[in-house]
Structure formats: C-alpha cells, structure tokens
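Quick caveat, the model's predicted, so the values are computed rather than measured. Note that these values count all heavy atoms, side chains included, but never hydrogens, waters or copies made by symmetry. Every number for a ligand or one of its atoms is a count from 1 in the order of the listing.
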Amino acid sequence: MDREEYAGKLFIISGPSGAGKGTICQRLAEETKVELSVSMTTRKPRPGEIEGKSYFFTTEEEFQKEIENGGLLEYASVYGNFYGTPKSKVVEKLRAGTDIVLEIDIQGALNVKEVYPDGIFIFILPPSMAELRKRITGRGSESEEAINLRLSQTLKEVSYIDKYDYCVVNGDLNEAVARVKSIVMAEHSRVSQSIYQLIEKYKEEV
Ligand code: ADP
Ligand code: 5GP
C-alpha cells in the first residue's frame, strides 16, 4: 500500500478469540459510517455464516493465487486456516473517504503496520480468562480441543499489546462499543492535511 494520505481512516482491531471483536465490529458497522472489510478465508463456513458477508470462503489454491497476484493487503495462517484482507476494495474505499475496520489476527495486524503505519491499531481484551472461556464455549462453534488451543494462545497474544495504539477491555458491551466509537471520533480530530486545507480557505475569506 502506498503512503498517500487517504481521506478515510483504517482501523485495525485484534485480540484473543472470544474477546468480542466480531460483536464490537458489527455494532460499529451498524451504528456508525465505518465499514467492515470482508476477509477471504480457507476455513469452512460455520452455521449461519453468509458468503460475501461473513467471509469470502475459498480454497487453498484460490487463496495462493490471490497472494501471487498481490491481491491481499495482508494474510496469515490462523489455527490451521488462511485468512487475508482483499486489498483493492480497502484502498478504493479509503480513497473515497470511507473509514474501514479490519478485524484481523495479530500477525496480520503487524503486517498491515509494516505497509500502512498510518492505520489505527486497537486491541480488545476480555475482562478475565474465566469470562473468555465462557464466551468461547457459549458461542458453541468450536470443539473442546479448539477452545483450549485458542485459550492457550491468549497470553502470547497479549504480549504484543505494545504494538497497538489503543486497548479496550470488553466487559460491558455497550461501554466497549462506546469506547471504540470515541477512538474513531478522536482520530478524526487529529491535526491533518484536511485541517490545513480548511485553514487555507479561511485565508481566502479574510
Ligand atoms: P471474537 O470475534 O473476538 O472471537 P465474538 O464477538 O464472536 O468474539 O464474541 C464471543 C462471544 O461472546 C459471542 O457469543 C458474543 O455474543 C459474546 N460477547 C461479546 N461481547 C460480550 C460482552 N461484552 N459480554 C458478554 N458476552 C459478550
Ligand atoms: P474465525 O475463524 O473465528 O472467524 O477467525 C479466527 C481469527 O482469524 C480471528 O482472530 C480473526 O480476527 C482472524 N482473521 C479474520 N479475518 C482475517 C484476515 O483477513 N486476516 C488475518 N490476518 N486474520 C483474520
């Protein structure tokens, strides 16, 4: 990705499986103008997941082709499956002034930071490990073995927190959503190129 200043902002949300990233991103997409990027994955769809909405479900061959064609902004292998962010749609939207949120794993987030350090990196934490286990179990989509694998990764994952700009503990969902929304608003209040353009306009008026 080139270093032009896009009109839209790129938010990257990561955190342990079950922390509530998906739930928070969904609320953000419903309640603000921020749009959720739809990833590609080689994982099989879970019941209720919709092609093109939850993910673009694909084969390993197609995924490899996408990598070779340079079509992915980032990609990573997570719990034995490939996941990646389609690049062209994200760039197109940012250029048009739309904010985009990527809900991606930590390896993927670090890769985005390499190519696009202007991204805003947000880490979602659970209030406790007990609550994390309860949430993953309650979701009912993983086997006992998959749940234990995801939980065992958590401490390793949180060790990357210093690479992130913001951290939100998802205890009360409404509060967590409000905090993420306020991060979006704060980022739009940064002194940036568009503010200088506004100041130039003032000069024409005086
Ligand atoms: P992630 O995307 O981080 O893996 P999910 O968004 O799928 O996590 O959330 C995991 C489960 O926890 C879901 O069943 C979701 O409804 C639930 N959940 C999310 N946030 C909260 C919260 N603040 N309080 C209670 N349950 C929550
Ligand atoms: P799940 O299988 O539960 O939907 O997702 C598993 C993990 O993959 C989550 O941590 C999620 O954030 C991550 N993930 C989803 N899409 C992408 C993506 O496009 N790129 C990367 N790097 N990770 C992703």
With Tyr79, which residues qualify under ring pair (Phe, Tyr, Trp, His ring centres under 6.0 Å), at least two apart? none
Mark yes or no for whether Lys113, through its side chain, and Lys163, through its backbone, hold a donor-acceptor pair below 3.5 Å. yes
Tell me if a side-chain donor or acceptor on Glu187 pairs with a main-chain N or O of Val184 at a distance below 3.5 Å. no
Looking only at heavy atoms of [X], does any of them come nearer than 4.0 Å to an atom of ligand 1?
X      : value
Gly15  : no
Ser17  : yes
Gly138 : no

Contact summary for Ala76 and Gly108, nearest pair of heavy atoms: CB-N, 4.3 Å
Determine the minimum heavy-atom distance between Val34 and Ile100, stating which atoms define it. CG1-C, 4.1 Å
Regarding Tyr75 and Ser39, is there a side-chain donor-to-acceptor distance under 3.5 Å anywhere? no
What atoms of ligand 1 come within less than 4.0 Å of a heavy atom belonging to Pro16? 3 (O)
With a cut-off of 4.0 Å, which atoms of ligand 1 are near a heavy atom of Gly18? 1 (P), 3 (O), 4 (O), 8 (O), 10 (C)
Short N/O distance, under 3.5 Å, between Glu131 and ligand 1? no
Taken in chain and number order and not counting sequence neighbours, the residues that satisfy side-chain contact (heavy atoms from CB on, under 4.5 Å) with Glu114 are none
Please enumerate all residues that pass side-chain contact (heavy atoms from CB on, under 4.5 Å) together with Ser189, with sequence neighbours excluded. none
Can you list, by chain and residue number, every protein residue with a non-hydrogen atom closer than 4.0 Å to ligand 2? Lys21, Ser39, Arg43, Arg46, Tyr55, Glu74, Ala76, Val78, Tyr83, Gly84, Thr85, Glu103, Ile104, Asp105, Gly108, Arg150
Using a strict threshold of under 4.0 Å (side-chain N to carboxylate O), is an ion pair present between Glu145 and Arg150? no
